[in-house]
Structures are given as C-alpha cells and as structure tokens.
Amino acid sequence: MALYYLTYYQPKSMTDLKLKISPAGQQKSAYLIEKLDNVGNEYTVICLAESDTKDGSHGTIEFNISKNGQFVVWKEFAKPNRVAGKIHFYYRRQQLKQFLSGLNPSDTVIAYHSLQTADIFYKYKREKRFKFVLELEEIYQDVVNCGPQKAAWERKVITAADGYILATEALSKEIPAERPYIVVNGTYHSEFERDAGFADDKIHCVYAGTFDPTKGGAAAAAAAEFLPENYHVHILGFGTEEQKKQLLERIAVVQKKAKCTLTYDGLKSGEEYIRFLQSCQIGLCTQIPDAKYTETSFPSKVLVYLANGLRVLSVRIPAVENSAVGGILYYYDKQLPQEIANAIMDIPMKEDYNSRQILNQLDKDCEKNLKRLMEIINNEPD
C-alpha cells in the first residue's frame, strides 16, 4: 500500500529547474504536503510540471523532502522550439500513464485537478482501481472555454474520485452525493507579526494579486477616488504587459481626481511582500462578482491578508461568505467604486481584531480532517 500526491510543485531547493507552476498552486500544494507529513503517512510527491526553459533537460530526480516524504520529478528533455514543446507535452502524458499503469487497488493517489490530465486519471482509475482523491480547486470549464471534449473529461474525472479535497464548500454540489470530502480554502498558516508600518497616520489599504480585469485590481483603484485624504490605496501584483498598462492608465486617471493617495507599488515577494502587507490595515478582494467562477472559487488573497493580520473587505459572494473565515470579513454588495469606498470607510478600525487566532484553529482542524479523510478512503474495500 503506497500513497502518492501528484501535483504541480517544486521544493525550494529545486527552483533552478524553473518549472511552470502557479504561485497559488505551489503554496497550496506545499501546505497539503506539510499536513500529510504531520499525519504520519509515508508518501511520494510526484511533480507533473514541465520546465519553463527551452534548454531545460534532466534525468529523473528523486530525494527525501521530509521524514515521511519523497519527491520525484520525471525525466525531461530540452524544448528549443514549439514542435519539441508539443512532443514533450505528450511525453509527460506517457510518463503519467506508465506510472498509473503500475498501481494496484491498495494504492492511494491524491491528484491536483487539471484539464490536461483529467482523461488519463479517469481511464486509469477505472482500469487499475486504485483509491483516488481529487484535489479540486475550481471547475475549469467555468473559467475558460476549454471545448466540449475537455469539459466532458473534467466532469468524468470529478465523478470518478473516491474522495475530495475541495477549495470551497460550494464545490460539494459538483461531486457525487455522500462521497467523503474535506474543505481546505487555502493555506491556514499565520505569519508572525513583524515590526512594519508606514510613518504616517493614514489607513493603508492594499490590493495584491493578478491584474486580470475580472480579479478586481481596477475596481480597487477606482474606489480610491471616493476616499478621503486619510486613506492610502496600494496596488501591487502581476499581469501581462497589456493588463499592467491598462491598470496604470486607470491609476493615473484616478490620481488626478482623488483626495486620498493611490499608488502602484510593483510586484513583491518573500519577506518584502509580507512586511509590505503588514504595513497595511485593510486587504481588498474586489473581484467581479458575476463571473461564473466566483460561484465555486475561493480567492487565495483572502487567507494571505488574514495571515498577516489585515482586516479584509470582499465582494459578497457565497464561496467567500460561506467559508470558514466568512464571519470575520467585511463585505460590499455592488461592484461600484462609491460602494467599495463606503464599505472601506465603514470598517471599524478601533475594534479588537485577531485573524491569526482563527487561522491557527483552522490549521489544526485541517490536519484532523485530512487524517480522517485518508482513514475513510483506505478503509474502503479494494
């Protein structure tokens, strides 16, 4: 009996491989690996990601990442052009098929949900009958136009799993009734308090994240026009060159009208990012509420803000409001700059607030819930 976690993750010691991994996915996978380790199971993490460089090539790499865990990234060859890149894509799929074909019904696989691998996991689950736990972050066909074939495979793989690690409670509506699941919104770690702050008496609000127009960076900037001079709105994050250009243009327009301070503060990471967040008092989650994905997708920035002690203002959507942290957030109902600004000003800054305490309890609960889920899955008959 063996436990495998197939995901898109690389340890900090392996960053020279430059694997194509999203920051949010990396963080979530690292958190679940830690929980698996604490539960006490022996496990193997298999990285499904490919290198993001044209000349990246290496043999299969294996090493221990903890007292209970081993890390494996499969062999990879260089991809100097698009043709080689496509060949490697299918090569990685063949590697996955070969691995799954060697499993037996006593083995357990936890897999990060992906449109690129849904058909493979579905077919080999049916053929090899291993125990299958699907880590479901969102329904991708609600986010992108993936075509009818991939959409069908996505639905099939969701119904094939024996258990689930869901990003939101709302996703439980997408899985077969009465199958076991746990909800892990994201990383429930809290950051210790740094000695950080801005040398003024202003209330600092921050939007940190993608500049995708649906995710709310522009809405946060627009709200600054309606805030008084004792507020400072910071915009920081990442996006395409076009997205960044459009957002900077919006910021420049608002800056000419606003009494409050509005600044673009670039992209920050690591300790610099944490200290910047902890210099602020309010975190903004201002994504567009009527996008299809908001029904089941939990914004990872909410937990990042809470981990650093910020009060959080969010658009009122079920995936957030009904989450484990929904009761300690502040909300607005209409995606209008004036409404967002009014909600910011209504946040009681002088009341006691301790988001870290709640996250610490959720962290303990997550570990217990994961242990219980694995017990349920492994006790099922082969």
Are more than 12 heavy atoms from other residues, nucleotides or ligands located less than 6.0 Å from atom CZ of Phe192? yes

Under a 4.0 Å N-O cut-off, is there an ion pair linking Asp119 with Arg93? yes

NZ/NE/NH1/NH2 to OD/OE distance under 4.0 Å, Glu137 and Lys28: yes

Check: Tyr5 ring centre within less than 6.0 Å of Tyr43 ring centre: no

Would you call Glu321 and Arg316 a salt bridge, using N to O less than 4.0 angstrom? yes

In Å, rounded to the nearest 0.5 Å, how long is the span from OH of Tyr332 to CG of Asp346? 14.0 Å

Closest contact, heavy atoms only, Tyr122 versus Lys156: CD1-O, 3.4 Å

Would you name the heavy atoms of Gly40 and Asn68 that are closest together and state the gap between them? CA-ND2, 3.8 Å

Find the distance between CG (Leu166) and CG (Asn185) and round it off to the nearest 0.5 Å. 10.0 Å

Could you check Gln243, Arg250, Glu242, Lys244 and say which one makes a side-chain hydrogen bond (donor to acceptor under 3.5 Å, both in side chains) with Gln246? Glu242

Within the 3.5 Å criterion, strictly below it, is a donor on His113 or Glu138 matched to an acceptor on the partner's side chain? no

Crowding at CD, Gln338 (>12 non-hydrogen neighbours, <6.0 Å): yes

Answer with yes or no after comparing the ring centroid distance for Phe198 and Phe276 against a 6.0 Å cut-off, counting only values under it. yes

Main-chain N/O of Lys202 paired with Asp200 side-chain donor or acceptor, under 3.5 Å: yes

Does Asp265 reach the main-chain N or O of Leu236 with its side chain, forming a donor-acceptor pair under 3.5 Å? no

Between Tyr231 and His204, is the ring centre distance below 6.0 Å? no

Neighbour count >12 (heavy atoms, 6.0 Å) for atom NZ, Lys20: yes

Hey, do the aromatic rings of Phe99 and Tyr4 have their centres closer than 6.0 Å? yes

So for atom CE, which belongs to Met1, do other residues, nucleotides or ligands contribute more than 12 heavy atoms lying within a distance under 6.0 Å? no

Which class fits the ring pair Phe77 and Tyr91: parallel under 30°, tilted 30 to 60°, perpendicular over 60°? tilted

Considering only NZ, NE, NH1 and NH2 on the basic side and carboxylate oxygens on the acidic side, decide whether Lys128 and Asp107 come within less than 4.0 Å. no

Under 3.5 Å donor-acceptor, Arg92 side chain and Ala49 backbone: yes

Crowding at CZ, Arg126 (>12 non-hydrogen neighbours, <6.0 Å): no

May I ask you to decide if the ring planes of His232 and His234 are parallel, tilted or perpendicular, using 30° and 60° as cut-offs? parallel

Identify the heavy atoms of Gly239 and Phe211 that sit nearest to each other, and give their distance. N-CD1, 4.0 Å

Salt bridge or not for Glu271 and Arg194, using N-O below 4.0 Å? yes

Look at Arg155 together with Glu174 and state whether they make a salt bridge at an N to O cut-off of under 4.0 Å. yes

